[in-house]
Amino acid sequence: METQQQQQQQQAAAALKSRFKRVCVFCGSSPGKSPSYQLAAIQLGKQLVERNIDLVYGGGSIGLMGLVSQAVYDGGRHVLGVIPKTLMPREITGETVGEVKAVSGMHQRKAEMARQADAFIALPGGYGTLEELLEVITWAQLGIHDKPVGLLNVDGYYNSLLSFIDKAVDEGFIAPAARYIIVSAQTAHELMCKLEEYVPKHSGVASNLSWEMEQQLGYTNKSDIAR
């Protein structure tokens with residue numbers, strides 16, 4: 001006969017059952033100057049573990065990338081790092097965490113991470129993080145996928161980006177409905193809750209588009225990235 005504690009644990013696990021099997025996280029290969037960025041990366045990793053979600057990310061073990069991947073790995077969830085062969089030397093990315101999939105270049109890396117993931121989250125980062133984030137937002141706008149895209153806006157790090165996007169909506173460069181592609185929150189818990197509830201409000205402008213990179217990688221149609 002189950003004890004009350006066991007029943008409570010089962011209820012808690014059921015309450016955190018996620019719609020996502022694997023989430024792709026974009027983030028910096030630097031830790032950032034503020035400890036709050038590092039804490040947010042660890043908290044996000046723990047949120048994924050609590051919800052029984054695996055991680056796909058850009059590989060390596062340095063900066064915020066290392067913190068979030070180690071937190072997920074230590075929690076017993078699967079970690080898949082997708083990394084170009086040219087970035088694999090230890091002095092560039094550090095020791096590998098979990099499973100590593102080597103690809104030929106940066107474009108293949110992004111396409112493979114997108115194919116593997118059910119949702120995307122961006123932690124604070126630099127040029128690379130921003131480029132990866134904007135590309136999956138653009139893919140969503142085009143209708144290549146309808147996976148949720150989250151922005152972990154730690155200490156307002158992305159406030160200026162969100163203001164820019166609002167300005168682009170006001171000036172007619174982004175459709176108002178497409179503004180809702182981005183889901184933002186200041187904590188990992190709040191962001192995960194929002195992503196779980198996400199429903200697309202925009203219409204893909206080219207939903208039958210065959211993405212060039214899909215063809216190069218052998219992904220024959222939209223559904224391969226949209227899974």
Side-chain angles (χ1 to χ4, degrees), residues 20-32 41 44-45 48 53-70 72-73 78-152 158 161 181-182 204-227:
F20 310 123
K21 292 182 179 180
R22 180 182 285 157
V23 167
C24 175
V25 174
F26 306 128
C27 58
S29 57
S30 297
L44 176 58
L48 297 181
I53 301 172
D54 295 332
L55 170 71
V56 58
Y57 78 119
S61 60
I62 58 177
L64 299 188
M65 296 173 73
L67 291 173
V68 67
S69 60
Q70 196 66 54
V72 174
Y73 185 79
H78 185 262
V79 174
L80 174 63
V82 182
I83 187 166
K85 294 176 183 177
T86 55
L87 297 181
M88 289 190 73
R90 236 176 252 178
E91 59 270 19
I92 298 177
T93 57
E95 295 286 346
T96 57
V97 178
E99 179 185 355
V100 176
K101 181 165 189 176
V103 293
S104 60
M106 297 296 285
H107 294 295
Q108 287 82 0
R109 179 197 218 179
K110 290 181 292 183
E112 178 64 18
M113 290 194 295
R115 187 181 73 83
Q116 292 281 351
D118 301 312
F120 307 93
I121 293 175
L123 279 159
Y127 287 139
T129 301
L130 192 60
E131 189 265 345
E132 290 167 331
L133 170 67
L134 292 178
E135 184 153 35
V136 294
I137 291 171
T138 303
W139 286 354
Q141 180 178 246
L142 291 173
I144 293 175
H145 73 82
D146 58 2
K147 302 172 183 180
V149 180
L151 197 61
L152 190 48
Y158 283 115
L161 174 63
I181 292 172
I182 304 173
V205 298
S207 58
N208 294 320
L209 180 67
S210 179
W211 196 250
E212 180 183 14
M213 197 51 58
E214 296 177 56
Q215 295 175 345
Q216 291 180 15
L217 290 175
Y219 309 150
T220 56
N221 54 48
K222 170 192 169 187
S223 63
D224 285 326
I225 277 183
R227 283 192 191 117

Scanning both residues in full, the closest heavy-atom pair of D118 with K21 reads OD2-N, 2.8 Å

Value for CD1 (I121) from CG (L133), rounded to nearest 0.5 Å, stands at 11.5 Å

What one should report as the nearest heavy-atom pair of Q108 and V103 is CB-CB, 4.0 Å

G60 and S69 have their tightest heavy-atom pair at O-OG, 4.0 Å

To the nearest 0.5 Å, atom OG1 of T138 lies from atom CD1 of I144 at 9.0 Å

Interatomic distance, CG@L55 vs CD@Q70, rounded to 0.5 Å, equals 11.5 Å

Salt bridge (Lys or Arg N to Asp or Glu O under 4.0 Å) filter on E131, not counting sequence neighbours, yields K110

For L64 and P31 the tightest heavy-atom approach is CD2-O, 3.4 Å

Open item on the list: Working note: F26 + V136, criterion side-chain contact (heavy atoms from CB on, under 4.5 Å); need CA distance, chi angles, decisive distance, verdict.
Closed with: CA-CA 11 Å; F26 306 128; V136 294; 3.9 Å; yes

Of all heavy-atom pairs linking S61 and V97, the shortest is CB-CG2, 3.9 Å

Notebook entry, point to check: Once the angle between the rings of W139 and H145 is folded into 0 to 90°, is it parallel (under 30°), tilted (30 to 60°) or perpendicular (over 60°)?
Noted result: perpendicular

Value for NE2 (H78) from CD1 (I53), rounded to nearest 0.5 Å, stands at 15.0 Å

Heavy-atom closest pair (L123 atom, C27 atom, distance to 0.1 Å) is CB-CB, 3.5 Å

To the nearest 0.5 Å, atom CZ of R115 lies from atom SG of C24 at 12.5 Å

**Q.** Within-4.5 Å side-chain heavy-atom neighbours: E132 and F120
**A.** no

Does any non-hydrogen side-chain atom of D54 lie less than 4.5 Å from one of L80? no

Could you tell me whether Y73 atom OH has more than 12 heavy atoms of other residues or ligands within 6.0 Å of it?
no

Across all chains, not counting sequence neighbours, the side-chain contact (heavy atoms from CB on, under 4.5 Å) partners of Y158 are A122, T129, L151, N153, L161

| message | I'd like to know if the side chain of R22 reaches the main chain of V56, judged simply by a donor and an acceptor atom lying under 3.5 Å from each other, with no hydrogens or angles considered. | response | no

